[in-house]
Each structure stands twice: as structure tokens, then as C-alpha cells.
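Encoded as C-alpha cells, the structure appears first; notes follow it.
Treat the numbers as computed from the prediction; the structure is a model and nothing was measured. In what follows, every chain begins at residue 1, and chains take the letters A, B, ... in the order their sequences are listed.
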Amino acid sequence: MSFPLNPAQRDAVRTTDTPLLVLAGAGSGKTRVITAKIAHLCESGIDAARIVAITFTNKAAREMRERTQALQRDAAKPPGGGAVTIATFHALGLSIVRREAKAMGLKAGFSIFDPSDLESIVAELVATADRGRARAAQWQISQWKNALTSPAAALAQAKDDDQRAAAHAYARYADTLAAYQAVDFDDLIVRPLALFDADADAAARWSTKFAHVLVDEYQDTNPAQYALFRHLVGTQGLFTAVGDDDQAIYGWRGATIENLARLHDDYPRLRVVKLEQNYRSSVRILRSANALIANNPKLHAKKLWSELGTGDTIHVASCADDEAEGEMVVAAISAQRFEQRGKYGDFAVLYRGNHQARAVETALRAQNIPYVLSGGQSYFERAEIKDIVAYLRLVANDDDDPAFVRAVTTPKRGVGESTLAKLGEVAALKKQSLFAAVFEPGFNAIAQPRAREVLQQFCALINDLRYRAAKEPAGRLLAELVRAIGYDDYLVATFDKRDAQNRGKSVQDFVDWLSRKGEADEKSLLELTQMIALITLLEGREGEAADVVHLSTLHAAKGLEFPHVFLIGLEEGILPHREAVDAGNVEEERRLMYVGVTRAQRTLHLSFCRTRKRAGGRVDCRPSRFLDELAQEDLRYRGAPLPADEAARAKETGVERLRALKALVAR
DNA sequence: TAGAGATTAGTTTTT
DNA sequence: CTAATCTCTA
């Protein structure tokens, strides 16, 4: 870990007087370069408070923070002034919105709506009961926001009725959210930009705040993020953008590779440094990765090399179906762990879509092998956590109607659809929140006495908590809240014993986590509530770095590495995904495969299924075209049984192995 | 209003 | 074949 930087890395670290783009291949030590550069900037006399490093995921931000701190300890030099800001784009945006809330017309306790909160709101705006249609409109609005397209422009470029309906909804969207005193995820980037356009003072505040801006995973920025980046860079124009065009996998979220080309135009003094030495994978793995990605047209040609030795051949397995594939993977993990005296934590199983984890999970559970699922449903998306968070949101912001509805109906307390409908009528009439409508004479007149009483009690509880939130510790209030609403009783009554216990445990973990967080960072309940909306990881558990098999989507695996990687479901329609093929996005799918292959340090297992269960029946599958694009001489067939005659042939060269495989599949 | 049972859709990645 | 939504009854 402490071996010296290579010449290219050193170059990247020491270039501080001109804008810099670092093209960092997979495993080329980019996080190391960023952290070393932060340390270097501090040493060269820049106040740490004037340095910002931006990442895309909370996990990456956390890792960078840890490594920066470690480096500063080693340097035995107290960091001057404040601390370096290390945050995701969205967390950074949140701190801007928070600081400028008043200027944006938001109260301090504004809510952050997640997509599920917005779904019904958008459904109403486009006047549809069809969920698919509502979500399409929601997605479209998000695309427009990330592309910095105004509602008027959106309407002008709308191609069909659905898009026109979405554009009309988009025009009213901002006002609707304002009524709830809420912002969505995209707003965390877009609203600061709007403020900077309208308010020169605020614009200047943020364009001069940082002397150096570092961005990780630059290839994944979308136009809105790029605009924010440019603004933070300001007129001084000093930054370090680190990225890899071969790992751009968020095009569907509006990220555009053109941002790489744009950097040259917007900053003519831009220097480019390439990092091509890979410190992660064996030669065979890299050879296949290079061969694969060579099929994509390239802006900056790049060829990774490694000094880590030839390594094992890459295994390719054909499986009868997804169930067999799961069992094959688990059997291979058991055997390999035994042979190499490895740990479960050395293994990762990667796949295109979350649903593919299921078969592997089943097989792992059958063998009692511990595992973690990353990139699937996150901790904060679990129903029990969202229940509790709904109360917190309501305490922070009583205009938050979605939070009100969720909180008031969980646990069940005798307020149902008809009461909520009446409340909604009054609220709409008076242009008030649901919370405020509870105390309206008009509502009193039409509500059932019992429901009315329950509602008033509920609001009293929320008001009490709000009153105390300013002075009492967040953890204690939360614990009291959970008790006051009888949440444990609700769990026991609603779920079977085991499930109730699990959910109760995760609520308890949440209370503990928030208590610690509140004490450590001196955060108020309000700040913690807003932060929760952005956090996607179970932070508490991660510190343990448990010895468990990792299951992850390819997207969520970016930036990670494992000694042994299993890449499953390599079939046409899955990787590349059918929708992507139809939309002509095979190149992005290829980069996704490339990301998967380059996660592996020592061994790589590829597999595909010949058939797959779907909607009750069975569907035939064909191996992915990407298998053909790997370095065939490094592949070896293994796994599911081949007929004897083909097994003999399969022992020969990789090309023939693959042909034998395909012949088998063709039947 | 709330929970049990019937019905019907279901195809990708996430801050 | 699931899982989530919808409908019906106590």
C-alpha cells in the first residue's frame, strides 16, 4: 500500500497549476491518486476547507474520507484550518440547498421526496391511474431536469402524447413540490444552479468557495452535474477530474460521455494524464478485458497492463437453468475456498439485474454460507425504516403530505381511506397541508368523531416532538417515538414471529445508528432526517467488514475489487440487456461487462444458462455475444456436463470450446 | 376500517 | 410461478 507512486500517478498528483483530466483505467490506483493529491494540496499551503472532492456514491465518499484521514495521520501534520469537503454530488447539493434554503423559498425543515413519494403526485399531474404511465412521466421529468431542459423546451421537443402530458406535468411540478416544501433528488443539483442564475451574490459565494475541485468517476456526470462542477470550479479554473470512458455505465441516467470532450473545449489549458498500469488483475484477466473493450470506438485509446503474472485461465460454464447456475457458483465457491484456504469475503457474484440474485441467494442459504447483498434494496428503503422516517419527516416538515399519509396509517390507528379523502378535500379547498387541515372547522364538521380524535392526538404527538427536537438529543427522541406509536406491538401483530423480530432489530439498529450519528456529528434531528434521504448503505454493519460472499449488480460493483469473481447470466437479452439492444446501447452494455471483468484480481468465472424460468414456463437462452469478444486463448470450459464426445473436444483450444458450447446450446 | 382471499400483471441499471 | 394490487366481508 505504501509503495511509491508511479511516474504517471506522480504527474497527476503534482499538476496543480492547470486543469487536469486523469484517464484512469480500472485498477490503476485512482483513489490513491485523489487522496495523495488532496494531501499534496494541503501540504502546498491550500486551506483544507477550500478543497472539495466529489464522488457519486456514499460508499466512495466514505472510503475516500477514511483514506484521506489515514494519510493525514501518517503525515504527522495537523490539517490546516478546516476539513476537506468530501461528498457525493447530491450531498454537496443538499448542503447548498440547506444553506440557501431561505433564498430558494424553502423552510429549514424541507423534505426530500424519494421516487415513491413522487409517483402518486406525478400520477395526479398527468391524470392517470396507470402506474407504468406515471412512472414513465416521472422518469421523463427527471431526464429533462438532468439535461437542464426547461418545461417550455420540453413541451416544444415532446414527440408524442405521453411526452406532451409529461411536459405539462413538468410545468406544474415545481409548484406542486413547493406546496409540500419538498425537493426531489434532482433538485439537489438543479435548484442551486437556478439560484446561481438568479442571485449574483449567492453565485459568487459558491464559485469562490473552493480553490481546487476534484471529481471522481467524471465520466458519469450528467449536464446538470457538469454545470454545478463548472460553477464550483469558478473562474480560477483549477480542478482534477478523474474518470475512465470505458467505465461509463450511467448513460441511462443522463450521464454523457461528451462531457469528456467538452472539458477540452471549456478549459483549453487542460492537461491529460493517463494511468495505464493496473495493480489489480492478472494478465489473462486484463487481456480479456482489453480484447472486449477494443470492440467499442474510443475517444482516448488506452491499454491496461499488469506485472502481476499470467494467472489462472478464465472459466466459462454452461448451466441448465438459473437454479443450476446458482448451485454451480456456490459449489465452486465452497471448493475454491477450501482449496485455497480463502475467505468467503474474497468472493463476489456479479449480475446485470437485481432479480438474478435470487437463485444465488437460495443456493447460498441452502449451504449456510453467509453473504451480503449490495446494490439491491437498501437498508433505508426497507418498509420499517421508511415508516419511522415518515414520522421524522413529518416532525421536520408538516407540509410533507406523503409522510403524513404514511405515518398516520402505520401502525393502523383507525384512520383509513374515507377519513383521508375527507381530509384531502378540506386541505385542497383551503390550500393547506393535510396536517393543518386536521384542525379546520370544515373537517370537524364532516369527519367521524372517533377518527377526528385520533388525528388530533396524532398531531399533538408530532407537535410535541417538534417542540423538543431543538433541544433534546435525536437518539432519545427517536427511541421515545418508536415506543409512543407502539411500533413493536404493530410488528408482532402484523408479521410472523421471525419476520417481526428481524424488523424490530433493524428499527433498533436504526435508532442506535441515529443516536451515534447525532452525538458524533452534533446533528439535529432535522439534519439527520434530510441526510437519511440520501444514504443508501447500511453504514453500521459495514465497519465490521464481515467475512461474507458479496452479491452485487454490476452497477453497484463499480469501484470494488475481489480476488475471485463470478459473472453470471451472460446471455443475450440479459447482458447485453434486451432493452439496451433495442435502443442501440450495446456499447454501454459492453462497458458494463468490462466493469465486471475488471473487478477480478485472481480468478474469473463466467456462466450462462441454456434455459431460464420465466412466468411459469421455460425460455431458451443464447450465450452473450460478449463471450466471443474475450481473449479466447485464455478461456476454459468447465462446469455443467457436456456429452462425452463434446467433452473431448472441449479440452482443446478455447475457440473450439466455445464452439462446442454453442453447438450444445443450439439444440 | 382492516385483514383475508382473489386476481393479474410481470423485461434493467440508481443518487 | 411470484409478488403486488384489488375486492370482498366481518
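Qualifying side chain to side chain contact (heavy atoms under 4.5 Å, CB included) partners for A:I574, counting only residues two or more places apart in sequence or in other chains: A:R352, A:Q356, A:E571, A:R612.
Side-chain proximity of A:T419 to B:dT12, B:dT1, B:dT15: nearest is B:dT1. Among B:dT1, B:dT15, B:dT14, the nucleotide with an atom closest to any side-chain atom of A:H555 is B:dT14. Across B:dT1, B:dT14, B:dT11, the shortest atom-to-atom separation from the side chain of A:S418 is found for B:dT1. Considering only side-chain atoms of A:R578, the nucleotide from B:dT11, B:dT14, B:dT15 that sits closest is B:dT11. Taking every side-chain heavy atom of A:T57 into account, B:dT15 is the closest of C:dA3, B:dT12, B:dT15. Proximity note for A:K412 (side chain, C-beta onward) versus B:dT15, B:dT14, B:dA2: the nearest is B:dA2. Comparing B:dT15, B:dT14, B:dT12 by their nearest atom to the side chain of A:W252 picks out B:dT14.
The only member of A:D186, A:D187, A:N222 that meets side chain to side chain donor-acceptor pair (under 3.5 Å) when paired with A:K145 is A:D187. Considering A:R503, A:R393, A:K412, A:R406 as possible partners of A:D387, the one that fulfils the salt bridge (charged side-chain N to carboxylate O under 4.0 Å, His left out) test is A:R406.
For A:N58, no side-chain nitrogen or oxygen approaches OP1 or OP2 of B:dT15 to under 4.0 Å. In this model, the phosphate group of C:dA3 is approached by a side-chain N or O of A:R358 to a distance below 4.0 Å at OP1 or OP2.
Nucleotides B:dT11 and C:dC6, compared at atom P, are 16 Å apart to the nearest Å. One C1' atom belongs to C:dT5, the other to B:dT12, and the distance between them is 22 Å to the nearest Å.
Nucleic acid contact class of A:R413 (heavy atoms, under 4.0 Å, all strands): sugar-phosphate only.
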Can you list, pair by pair, the side-chain donor-acceptor contacts under 3.5 Å of residues 444-454 of chain A, counting residues two or more places apart and other chains?
from   : atom 1 : to     : atom 2 : distance (Å)
A:N444 : OD1    : A:R452 : NE     : 3.4
A:R452 : NH1    : A:N444 : O      : 3.3

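The existence of a salt bridge linking A:R625 and A:E629 is excluded, since no basic side-chain nitrogen approaches an acidic carboxylate oxygen closer than 4.0 Å.
Across the protein-nucleic acid pair, A:Y351 atom OH and B:dT13 atom P stand 10 Å apart, rounded to whole Å. When the P atom of B:dT14 is taken as reference, atom CG of A:L373 falls 11 Å away, rounded to whole Å. When rounded to the nearest whole Å, the span between CG of A:L350 and P of B:dT13 equals 14 Å. Atom CD1 in A:I189 sits roughly 13 Å away from atom C1' in B:dT14 (whole-Å rounding). Atom pair A:N354:CG and B:dG10:P shows a separation of 18 Å (rounding to whole Å applied). A straight line from CG of A:D322 to P of C:dT2 spans 12 Å, rounded to a whole angstrom. Rounding to whole angstrom units, CD of residue A:E589 and P of B:dT11 are separated by 17 Å. Distance CH2 (A:W139) to P (B:dT15): 17 Å, rounded to an integer number of Å.
By the 30° and 60° cut-offs, the orientation of the rings of A:H555 relative to A:W252 is perpendicular.
Residue ring and base: A:H577 counts as stacked with B:dT12 (centre distance below 5.5 Å, interplanar angle below 30°).
Mapping A:G416 and A:L592 onto DNA chain B via the closest heavy atom, the residue that lands nearer the 5' end is A:G416. Closest-nucleotide positions on DNA chain B for A:P115 and A:Q448 were compared, and the one nearer the 5' end corresponds to A:Q448.
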